[in-house]
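Below is one structure, written out as structure tokens; comments come after it.
In this text the structure is predicted, and so the values were computed from the model without any measurement.
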Amino acid sequence: MALFREFEAPPECPVFEPSWQDFSDPFGFIHRIREIAENTGICKIRPPQGWQPPFACDVRSFRFTPRIQRLNELEALTRVKLNFLDQIAKFWELQGCKLCFPHVERKLLDLYLLSKLVSAEGGFEVVCKEKRWSRISSRMGFPAGKGVGSLLRSHFERILYPYELFQTGVTLTVSLTPAAAVMTCVSCRGEEEGPDEDEEKERRIDLYMCMACGRGDEEDRLLLCDGCDDSYHIFCLIPPLQDVPKGDWRCPKCVAECSKPREAFGFEQAVREYTLQSFGEMADHFKSDYFNMPVHMVPTELVEKEFWRLVSSIEEDVIVEYGADISSRDMGSGFPVRDGKRKLIGDEDEYASSGWNLNNMPVLEQSVLTHISGDISGMKVPWLYVGMCFSSFCWHIEDHWSYSINYLHWGEPKTWYGVPAHAAEQLESVMKKVAPELFDSQPDLLHQLVTLMNPNLLMEHGVPVYRTNQCAGEFIVTFPRAYHSGFNQGYNFAEAVNFCTADWLPIGTQCVAHYRRLQRYCVFSHEELVCKMAADPESLDVELAAAVVRELGDMIEEESRLRAAVQETGVLCSEQEVFELVPDDERQCWKCKTTCFLSALTCSCSPQRLVCLHHAAELCSCAASNKCLRFRYEQDEFPAMLYGVKSRAQSYDTWAKRVTEALAADNKSKRDLIELKVLLEDAEDRKYPENSLLRSLRDTVKEAETCSSVAQLLLSQNAQKAGSKLTVEELKVFVEQLYRLPCVISQARHVRELLESVQDFHERAQAALADETPDSGKLQALLELGSGLELELPELPRLKQELQQARWLDEVRLTLMEPQRLTLELMKRQIDSGVGLPPHHAVEKAMAELQELLTLSEHWEERARACLQARPRHSLLTLESIVMEAKNIPAYLPNVLALRDALHKAKEWTAKVEAIQNGSNYAYLEQLEGLLMRGRSIPVRLEALPQVESQVASARAWRERTARTFLKKNSTYTLLQVLSPRVDIGVYGSSKSKRKRVKELLEKERGLELDALSDLEDSVEDTRDPAAVVAAFKARERQELEAIHSLRAANLAKMALVERIEEVKFCLCRKTASGFMLQCELCRDWFHGACVPLPKAGSQKKLVSGSKESKFLCPLCQRSRRPRLETILSLLVSLQKLPVRLPEGEALQCLTERAMGWQDRARQALATDELSTALAKLSVLSQRMVELAALISVPSSDPVAPRKQPRKTPLVPRSLEPPVLELSPAAKAQLEELMMEGDLLEVSLDETQHIWRILQATHPPSEDKFLQVMEVRYAVTVHALVSSQGQEEEGEGGGQGRVSQGGPGEEEQEDSGHSLQVRLVRSGGLQRRERRLRRQELPAAVQG
């Protein structure tokens, strides 16, 4: 089976884009492109940018009824197949059978192709006899080896063979004589005995007899025709039938009657009338639904392939509508026109008069159609076309083989196919060969515009086909006798018209002769058109007049020959008739349908019938004497007519000859300028065509006048005053121009003398310009000399250029002599400035050197940049080799220098690291951190960097661990400050001011250089010796002890200032005493309960009732968590493993040694007889307290009494009546000194607790005097506070519970602290509260 091949687009036709000057002359431009474009039949013209005529149709009133197009009926071969299948189906329908088209290999069987192939192989009998069905199957495209051939034979024999027998007329050629009937029946029924004469007689008189065999027997197998009532045996038919068919049946005679030729194919008109909007909505909806995508997104190639697939498909029946051949006279043109119906606005008037307006083009002065009187719709009056997707126009040529032009106003593209004129007959023969059936019924099929044929099929038969897509705003021009067709890509609006130029006239004559052979009607009379133009020669364009001369001469010669031939036949009667007054349909040749104008032949037997002289013999058989020759012009009128138009053409020829001679004159025969002006005026008066010759004459006259004026101005030495100068070259050209003009200019000799006066400068300048190397000094001198001349010398720009080149070369030489200044940017600027210079071998050589240096520099710069940015980084050896290689480049390379600097830094860094690692002492963490930071910034792979990073990370981890061990949460102290002896003793205030004061103190005491250890600028050998660090630490310890002694003495002295107690400042807040206050055991200062955190073992009630049971250290004295010595020792073990020195680590070591030294001294003191006896006594008292506590089972109801808790140590009783121990002053002083030093240590030691409890057991109440002072202060101020009884009651009831127990940061307001103090005093005095507490408790001085 023949399969549809995918469409392959033919080659593109030429596309022209005229300039505005070319576009101003439509026919002139088309004439210029004709030689190229007529080889493809069609061409596309894109107007200049900006030429966009407004759409002038009234969209609201535009209504039309489109044509209906069935796509698969357009293509010739497809229509032949459809007609064939329709005839087959009708044949079997008349036979009483309903035909079902078979399927083979799951595809519909192409019965038409099967019939053609069998016929080409010799017919059904030959194919069966020679067993060619496999070959038939292969030619139809079926795969071999599947038994398709036998299946095709079965289908052919069942469906096509009876039809072919019917077509050959076998059943109708059988004679109805008895003998023949008997022979036919015998042949059909087998060998039977012949009937006797009596039986034969009975059958003849029977009512129903077989029309083939003449017998009426076997009535059950006798068929009766439903058309004519004739009877036939089913076995007498050819081919015979097996059974009586069901339904209606027609005999062979009736089938032949019903199978008459079909009517001519044509398009139907649609029923619905559309507006532009409704048609556009329908068209867009159809396309978007068909392709399932928006209309603007469908590729033109896809639409084109789908169109040719659909027109070649029998199964798919797609119907579209096309608004074609709509007269612009009825609906209005898409171009603006001056028809008086509406006022033109804006630029519409310009487009209304444009030659490319299709309403104007047919009637332009150079157009032949201008001379046709009537308006021929479609030729002189444009037709409009409203298209939709797949709507098409079939293969055709224009009437009278004229030009046509189509403009697409808006919408989607229109696809065109064209065949050049030289292949027109070849296209016709191919179509007749491929689809002869269509041309048998319609010989003029190609003139009906109803038939397509696939361009690929035409190209396979050697027909040249070209295509193009016409977009909105573009013109398509078809040339004479160029077949063209196409289809629309979607909804669009186009306008088309015909035009004829002078070169068309001989083609038009050929077309009329062709029409005469085809017996086709003419649209207009070609003879009448030529004669009408010849009758008014002055109105003709000169080129058109020349063409008319040639055409009229041939026409007169042909007419004279035909008239002589008619007269030789004996026609004597002749009569003149004005044929142009006779309607065209009344003067058409009865034989060839040609419209007669010059002459015609009539006969008295039929006065209404006439023939042209070409068919004089076809008029009738009457005698020549009865016939009459009717003519438009007498024979002697022709010469005058020809002379008139020839004079018009020859007058131009004479003028053109004179102009040509004048323009081509040599120096000896030059004309005067006045004579050229006369020729120009003559051309303008006689309206000669605006061709190249006239333009040359006009340009020559204008040039001569201009040259005369310039020469006069130059010789009058007013050129400099006028502000313009001539160069020597211009002067040369001007002199040559003066002597080249075809006319004489009187000033030419003087101008030539002026030219000679500058030759000397020219020679000197040329010599300077010929130097190998430009000399800037010499060139500068020549420039100064040339500038003094009155002419603008041509050497001056070159001299300036040479001077620029010389200066550039000087600058390059100076630059190359200083490599440290030669940067990449400078080289690029030098090259860029050199590129702008004119070519010179010295400049090119310097440019090459610079470019080579720049390329090399950029290469090494890029390598250096890549090395600097490389990840992972390169090693020292790799980078050092790169730096060494780039060292000899004579240029400033920042990246190479940066790489060199990085190498230097890397070496220094490596040396420092090696020095540190090889030194006697480990480096400080700050040093390693500085090295690490510096090493990370160096873009070189440092082998020691990972080791340094590891050491720094370990040291930082140890420092963080130590900080977590020592520092309190949100501590304002650094770890180094906590571990070092205090320098802020006696410094109070906010944390910010305090840090500032401490910093000042540290700056004054530069002896301890712990804070300067991070200075990486110092050499490695200057690293602080550990012994010096220990010595500095010891010195700081001594300063700390001195400071604390001074502070304790100052704070204890405050107790003596009873009279001026309001002036004494206490606490962190440095305010006067108020409220509940605590005394620090170390610094001996008093602190407000609201300003400091309370001890963990007590509350405000407990502290008020028994202040000696709680040991209180202020935040300034207890700066850390004070871990136990065992914890510190584990940290020191970890420190010993670090190859890094930390100020904190050294401080911790010194602190540990100090703590252990103090611990040894404390143990030695406690081991003396006096203190060991005191400890033993405290142990006995503690045992008694335990026993007493066992006897007390009910707790005291006093809310002030402290809650009993198990003691924490068995050495000291919880509460004894002090003093319970008596120590010698020396021992007591020793313990107090040890206690003070132990409290300074930021380490928790058991010995500090022992010493503190012993001292507590030896101390009498020391607060009474100070508290009495507080009572007296209250008595002084009580008169200001007793404002209400409710306030006193509040002070009595709540005075014991207003002490903050929170940590650091939880402070109370100053006024609340003051009211707390007042309430404590008003409740009976601190002395009475203490006495009551002593009665409730056992005598004790120490807290467990």
Side-chain angles (χ1 to χ4, degrees), residues 371-374 399-401 443-444 447 505-535 548-646:
H371 303 277
I372 296 179
S373 301
D399 291 333
H400 288 261
W401 297 354
D444 60 344
H447 296 283
L505 282 174
I507 301 175
T509 302
Q510 297 175 18
C511 179
V512 172
H514 182 75
Y515 282 0
R516 185 180 294 115
R517 291 193 297 271
L518 293 180
Q519 300 181 4
R520 186 174 186 268
Y521 293 99
C522 297
V523 178
F524 57 87
S525 173
H526 189 77
E527 295 173 346
E528 180 181 355
L529 174 63
V530 174
C531 291
K532 187 174 182 180
M533 289 189 291
V548 170
V549 168
R550 293 188 294 270
E551 191 66 21
L552 184 61
D554 294 341
M555 188 184 302
I556 291 173
E557 181 181 352
E558 178 71 11
E559 180 66 17
S560 300
R561 183 182 64 79
L562 291 174
R563 289 188 186 185
V566 169
Q567 290 174 357
E568 288 177 1
T569 61
V571 177
L572 302 176
C573 177
S574 60
E575 183 178 319
Q576 189 172 13
E577 184 169 348
V578 184
F579 280 103
E580 58 264 34
L581 300 180
V582 180
D584 286 359
D585 55 352
E586 295 181 10
R587 54 186 174 118
Q588 291 171 348
C589 174
W590 178 78
K591 177 65 177 177
C592 65
K593 313 303 180 186
T594 301
T595 302
C596 299
F597 177 75
L598 287 179
S599 59
L601 190 65
T602 59
C603 182
S604 58
C605 68
S606 180
Q608 301 301 325
R609 178 186 297 180
L610 57 82
V611 293
C612 63
L613 299 189
H614 290 276
H615 298 99
E618 306 293 335
L619 177 61
C620 62
S621 58
C622 299
S625 58
N626 296 338
K627 299 177 182 178
C628 178
L629 174 65
R630 299 179 182 276
F631 59 89
R632 176 63 181 86
Y633 297 105
E634 295 281 357
Q635 285 282 83
D636 53 3
E637 292 183 59
F638 287 134
M641 184 184 301
L642 184 61
Y643 176 78
V645 68
K646 185 181 294 186

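Counting only heavy atoms from C-beta outward, the side chains of Ser599 and Leu562 never approach each other to under 4.5 Å. Two residues are said to be in side-chain contact when any heavy atoms from C-beta on lie closer than 4.5 Å; Arg517 and His514 meet this criterion. Within the 4.5 Å cutoff, the side chain of Arg632 has no heavy atoms near those of the Cys531 side chain. Contact check for Tyr515 versus Val523: no side-chain heavy atoms found under the 4.5 Å cut-off. Put simply, the side chain of Leu613 reaches to within 4.5 Å of the side chain of Leu629, judged on heavy atoms. When side chains are defined from C-beta on, Cys620 does not count as touching Ser606, because their heavy atoms never get closer than 4.5 Å. Considering only heavy atoms from C-beta on, His526 comes within 4.5 Å of Leu505 through its side chain. Two residues are said to be in side-chain contact when any heavy atoms from C-beta on lie closer than 4.5 Å; Met641 and Val530 fail this criterion.
Residues passing the salt bridge (Lys or Arg N to Asp or Glu O under 4.0 Å) test with Arg587, sequence neighbours excluded: Glu528, Asp584. Considering only residues two or more places apart in sequence or on other chains, Thr569 meets the side chain to side chain contact (heavy atoms under 4.5 Å, CB included) condition with Val566, Val571. Residues meeting the side chain to side chain contact (heavy atoms under 4.5 Å, CB included) test with Ser560, sequence neighbours left out: Ile556, Gln635. Residues satisfying the side chain to side chain contact (heavy atoms under 4.5 Å, CB included) criterion with Pro583, sequence neighbours excluded, are Asp585, Glu586. Looking at residues two or more places apart in sequence or on another chain, you find a ring pair (Phe, Tyr, Trp, His ring centres under 6.0 Å) between Phe524 and His400. Residues meeting the salt bridge (Lys or Arg N to Asp or Glu O under 4.0 Å) test with Arg550, sequence neighbours left out: none. Applying the side-chain hydrogen bond (donor to acceptor under 3.5 Å, both in side chains) criterion to Thr594, with sequence neighbours excluded, gives no partner residue. Applying the side chain to side chain contact (heavy atoms under 4.5 Å, CB included) test to Ala564 and every residue at least two apart in sequence or in another chain returns nothing. Scanning for side-chain hydrogen bond (donor to acceptor under 3.5 Å, both in side chains) contacts around Gln510 gives an empty result, with sequence neighbours left out. Every residue was checked against the side-chain hydrogen bond (donor to acceptor under 3.5 Å, both in side chains) condition with Lys593, not counting sequence neighbours, and none meets it. Legend: residues meeting side-chain hydrogen bond (donor to acceptor under 3.5 Å, both in side chains) with Glu575, ordered by chain and number and at least two apart, are Arg630. The salt bridge (Lys or Arg N to Asp or Glu O under 4.0 Å) check on Glu618 picks up nothing, with sequence neighbours excluded.
Expressed to the nearest 0.5 Å, how far NZ of Lys627 lies from OG of Ser574 amounts to 15.5 Å. Rounding to the nearest 0.5 Å gives a distance of 8.0 Å between CZ of Arg516 and SG of Cys589. Atom-to-atom distance recorded for Asn626:CG and Leu572:CG is 11.0 Å, nearest 0.5 angstrom.
The two residues Leu598 and Tyr633 make their nearest non-hydrogen contact at CD2-CD1, 4.0 Å. For the residue pair Ala616 and Leu601, the shortest heavy atom distance occurs at CB-CD2, 3.6 Å. Between Leu610 and Gln588, the shortest heavy-atom contact is CD1-O, 3.5 Å.
Within a 6.0 Å radius of OH in Tyr521, no more than 12 heavy atoms belonging to other residues, nucleotides or ligands are found. Other residues, nucleotides and ligands contribute more than 12 heavy atoms inside 6.0 Å of the CD atom of Glu580. Within 6.0 Å of atom NZ in Lys591, 12 or fewer heavy atoms from other residues, nucleotides or ligands are found, so the atom counts as exposed in its surroundings. Heavy-atom contacts from other residues, nucleotides or ligands closer than 6.0 Å to CD of Glu634 number more than 12.
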field: Stepwise side chain to side chain contact (heavy atoms under 4.5 Å, CB included) test for Asp399 and Arg520
entry: CA-CA 11 Å; Asp399 291 333; Arg520 186 174 186 268; 3.4 Å; yes

- prompt: Checking side chain to side chain contact (heavy atoms under 4.5 Å, CB included) for the pair His614/Cys592: CA distance, chi angles, key distance, verdict?
  reply: CA-CA 9 Å; His614 290 276; Cys592 65; 6.0 Å; no

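Using a 4.0 Å cut-off between a side-chain N of Lys or Arg and a carboxylate O of Asp or Glu, Glu559 and Arg563 qualify as a salt bridge.
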